[in-house]
Amino acid sequence: MPEHLPATVHQPVVLGSWPTPLEPAPRLAQALGLGPEDLWVKRDDLVGLGGGGNKVRKLEHTLGAALAAGAEAVVTSGAPQSNHARLTAAAASRLGLQAVLVLEGDEPAEARGNLLLDALLGARIVWAGEVDPTTLAARVEREAEALRESGTPTEVIPFGGSSVVGARGYVAAGAELLTQAPDLTTVVTAIGSGGTMAGLVHALGVDRVLGIDTGAVQDAQARVSDLARGLAREAGTADPGRPRMRHDQVGGGYGVLTPAVAEAVALVARTEGIVLDPVYTGRAAAGLLAAVRAGDVGAGERTVLLHSGGLPGLFGHPQAVDLVR
């Protein structure tokens, strides 16, 4: 999807409560064979806006740029249970903007999970049918142009909020994390549209960030690398190099619950009382488990699992009941 937002740096809007907590996870660490001080959870689910999640950090920058461009409405896209779409609707409500969400697929008989919150937050939902990313992007452009032709200044917010502008939010998050854990060895994060990992890589370097591919984009490696290089060009710094990733948790594809993810979600819930979603944070946790078993993450290191939110989507996931069977 083209990036329409201006690349110049504008003052971000404040949408979350910062810093988010960094909490120890000693019982989960013990279950994984790590030391009690080795594993921590960065709670970016606890940001205060619209059910929380990592997209809030990106929206502070993308909507700051949209407001600077004079927008009165924003249009974005996603899957039916898109966390980004839900938080775009919440942020738009707070800022007095119209929000249009162009979602893949057909309207379900009953709105659940994020879809229920999208409606509650006042967004207009457009169902695009079964479309590929190019067709979805074209539909977003048509909706945005229709608003402009009606006299409403409108900006497009990129899929997942991930652009160089949006990724600035996770550059700031990386700096925040270093003030909380200066001895950080590895932060483990899900890879959706790529901006979260790209921002962390820019702030922390490739060696300290491990991304877990969720299958949300066709080529996660290229997506994150492109965004990280964009941030480096903007800052006048060197190319950060090839990001570290695991691709072994995609399973049957984006949104399909796997046994490994079900195991990880249940383990985190039953050791730490922290609830993950099956699409993003559940895969990040499953990737963490796999990395520990492979020896890529070991005892005596400060490892942080990024909780990027997504809880509302759990209640709309068609396989959610399988987590407790």
Completion exercise
Residues pairing under ring-ring contact (aromatic ring centres under 6.0 Å, His included) where one sits in residues 251-282, two or more places apart or in two chains, turn out to be Tyr254-Tyr280

Donor-acceptor list for residues 90-109 side chains, cut-off 3.5 Å, not counting sequence neighbours:
from	atom 1	to	atom 2	distance (Å)
Ser93	OG	Ala89	O	3.1
Ser93	OG	Leu121	O	2.7
Arg94	NH1	Leu15	O	3.1

Handout entry: Single hit among Asp44, Val209, Thr281, Ile212 for side-chain contact (heavy atoms from CB on, under 4.5 Å) with Leu306
Key = Asp44

Kindly list each side-chain donor-acceptor pair under 3.5 angstrom involving residues 257-267, sequence neighbours excluded, with atom names and distances?
from	atom 1	to	atom 2	distance (Å)
Thr258	OG1	Val261	N	3.1
Glu263	OE2	Arg293	NH2	2.8

Problem - Gap between atom CZ of Arg168 and atom CG of Leu231 - 0.5 Å precision - result: 8.0 Å

Fill in the blank from the handout: Closest non-hydrogen atoms of Phe159 and Val217, given as atom of the first, atom of the second and distance, are CE2-CG1, 4.3 Å

Exercise for the section: Check whether Val304 and Leu276 end up in the same hydrophobic cluster, where Ile, Leu, Val, Met, Phe, Trp and Tyr are linked by side-chain heavy atoms less than 4.5 Å apart. Expected result: no

Problem - Asp38: salt bridge (charged side-chain N to carboxylate O under 4.0 Å, His left out) partners, not counting sequence neighbours - result: none

Handout entry: Exercise: identify the closest heavy-atom pair between Thr62 and Gly161
Key = CG2-O, 4.0 Å

Exercise for the section: Measure the spacing between CG of Leu178 and CG of Leu184 and express it to the nearest 0.5 Å. Expected result: 6.5 Å

Handout entry: Pairs involving residues 288-317, ordered by first then second residue, that meet ring-ring contact (aromatic ring centres under 6.0 Å, His included) (sequence neighbours left out)
Key = none

Exercise for the section: Could you tell me whether Glu145 and Arg148 have a side-chain N and a carboxylate O separated by less than 4.0 Å? Expected result: yes

Practice task
Can you tell me which residue pairs pass the salt bridge (Lys or Arg N to Asp or Glu O under 4.0 Å) test with a partner in residues 237-249, sequence neighbours excluded?
Solution key: Arg246-Asp248, Arg246-Asp296

Exercise for the section: Give a yes or no on whether the backbone of Ile157 and the side-chain of Thr76 come within a donor-acceptor separation of less than 3.5 Å. Expected result: yes

Handout entry: Side chains of Leu311 and Asp45 in contact at under 4.5 Å (non-hydrogen atoms)
Key = no

Problem - Pairs meeting criterion salt bridge (Lys or Arg N to Asp or Glu O under 4.0 Å) with involvement of residues 115-127, two or more places apart - result: Arg124-Glu143

Exercise for the section: Would you give the length of the straight line joining atom CG of Asp277 to atom OG1 of Thr214, rounded to the nearest 0.5 angstrom? Expected result: 9.5 Å

Handout entry: Verify same cluster id: Val188, Leu34 (apolar side-chain graph, 4.5 Å)
Key = yes

Practice task
Might you confirm whether atom CZ of Arg229 has over 12 heavy atoms from other residues, nucleotides or ligands at distances under 6.0 Å?
Solution key: yes

Exercise for the section: Determine whether Leu177 and Met197 fall in the same hydrophobic cluster, where Ile, Leu, Val, Met, Phe, Trp and Tyr are linked whenever their side-chain heavy atoms lie under 4.5 Å apart. Expected result: yes

Handout entry: Heavy-atom check, side chain of Asn83 versus side chain of Val279, under 4.5 Å
Key = no

Problem - Student check: side-chain heavy atoms of Gln319 and Val256 closer than 4.5 Å - result: yes

Practice task
Keeping to residues at least two apart or across chains, list the salt bridge (Lys or Arg N to Asp or Glu O under 4.0 Å) pairs with something in residues 169-193.
Solution key: Lys42-Glu176, Arg57-Glu176, Asp183-Arg302

Handout entry: Under the side chain to side chain contact (heavy atoms under 4.5 Å, CB included) test, residues paired with Ala71 that sit two or more places apart
Key = Ala66, Glu155

Problem - Within-4.5 Å side-chain heavy-atom neighbours: Ser82 and Lys55 - result: no

Problem - Straight-line distance of Leu200 CG to Leu210 CG, nearest 0.5 Å - result: 11.5 Å

Handout entry: 4.5 Å side-chain heavy-atom contact, Gln221 and Pro243
Key = yes

Practice task
Measure the spacing between CG of Leu116 and CD of Glu110 and express it to the nearest 0.5 Å.
Solution key: 9.0 Å

Practice task
Can you measure from CG (Leu39) to CD (Gln30) and round to the nearest 0.5 angstrom?
Solution key: 12.0 Å

Problem - By salt bridge (charged side-chain N to carboxylate O under 4.0 Å, His left out) - contacts of Glu72 (at least two apart) - result: none

Fill in the blank from the handout: Residues pairing under salt bridge (Lys or Arg N to Asp or Glu O under 4.0 Å) where one sits in residues 192-215, two or more places apart or in two chains, turn out to be none

Practice task
Indicate the atoms forming the closest heavy-atom contact of Pro21 with Leu46, along with that distance.
Solution key: CG-CD1, 4.2 Å

Completion exercise
Residues passing the side chain to side chain contact (heavy atoms under 4.5 Å, CB included) test with Thr237, sequence neighbours excluded, are His202, Ala232, Ala235

Problem - Arg223 to Gly194 - nearest heavy-atom pair and separation - result: CG-CA, 4.3 Å

Problem - Side-chain heavy atoms of Leu115 within contact of Ile125, under 4.5 Å - result: yes

Problem - Side chain proximity check, Thr189 to Asn54, heavy atoms < 4.5 angstrom - result: no

Fill in the blank from the handout: What one should report as the nearest heavy-atom pair of Thr20 and Arg43 is CB-O, 3.3 Å

Practice task
Tell me whether Leu87 is reachable from Val14 by hopping between hydrophobic residues (I, L, V, M, F, W, Y) whose side-chain heavy atoms are closer than 4.5 Å.
Solution key: no

Problem - Sub-4.5 Å side-chain heavy-atom contact between Val126 and Arg139 - result: yes

Handout entry: Donor-acceptor contact below 3.5 Å, side chain Arg283 vs main chain Gln249
Key = yes

Completion exercise
Correct closest heavy-atom pair for Gly52 and Arg86 would be O-NH1, 2.9 Å

Problem - Flag, side chain of Glu60 to backbone of Pro12, donor-acceptor distance under 3.5 Å - result: no

Exercise for the section: Check the pair Ser162 / Lys58 against side chain to side chain donor-acceptor pair (under 3.5 Å), numbers first and verdict last. Expected result: CA-CA 7 Å; Ser162 290; Lys58 300 177 185 181; 3.0 Å; yes

Exercise for the section: Please check if atom CD in Glu23 has more than 12 non-hydrogen atoms from other residues, nucleotides or ligands closer than 6.0 Å. Expected result: yes

Problem - side-chain contact (heavy atoms from CB on, under 4.5 Å) between Val164 and Arg233, intermediate numbers included - result: CA-CA 10 Å; Val164 173; Arg233 286 193 298 271; 5.9 Å; no

Problem - Hydrophobic cluster membership, Leu22 vs Leu305, 4.5 Å side-chain cutoff - result: no

